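Okay, so here's the structure we're looking at.
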Amino acid sequence: ANFLSRTTAVLATVFFVSTLLLAYFGSVRPAATSSSVLENAALVAPVAAPVAPALAASGAAQIPAK
């Protein structure tokens, strides 16, 4: 085999091994932390309650004029 064939085989092997290692380390979770990214974000910065829009004083104010 020539240089490019060997290089391709080596790089493919490195790619597959690194992919398997990343999948393994990504699935290992420490017991002290929560399992969700959203739960972690809620602990860091809680979201403020939405503000209700102001209501019109009367129903006539909601009717468009011609």
Side-chain angles (χ1 to χ4, degrees):
N2 63 13
F3 174 75
L4 291 178
S5 297
R6 289 182 185 169
T7 304
T8 302
V10 169
L11 291 177
T13 304
V14 169
F15 173 76
F16 283 116
V17 169
S18 65
T19 301
L20 291 173
L21 287 174
L22 285 172
Y24 173 74
F25 288 126
S27 66
V28 176
R29 294 191 180 112
T33 61
S34 67
S35 62
S36 173
V37 173
L38 294 176
E39 289 174 2
N40 289 340
L43 293 175
V44 172
V47 178
V51 178
L55 299 176
S58 67
Q62 296 177 356
I63 300 173
K66 289 187 178 184

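Treat the numbers as computed from the prediction; the structure is a model and nothing was measured.
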| request: Examine Val17 and Leu20 and state if one hydrophobic cluster contains both, with Ile, Leu, Val, Met, Phe, Trp and Tyr joined whenever side-chain heavy atoms are less than 4.5 Å apart. | output: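 No, Val17 and Leu20 fall in different hydrophobic clusters.
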
| Cluster link Leu22 to Val28, ILVMFWY, side chain under 4.5 Å |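 Leu22 and Val28: separate clusters.
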
| task | Output all residues satisfying side chain to side chain contact (heavy atoms under 4.5 Å, CB included) with Thr8, sequence neighbours left out; order by chain, then residue number. | result |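 Not a single residue meets the side chain to side chain contact (heavy atoms under 4.5 Å, CB included) criterion with Thr8.
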
| query | Given a cutoff of under 4.5 Å between side-chain heavy atoms of I, L, V, M, F, W and Y, with clusters grown through shared members, what are the other residues clustered with Phe16? | reply |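 Its cluster partners, ordered by chain and number, are Phe15.
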
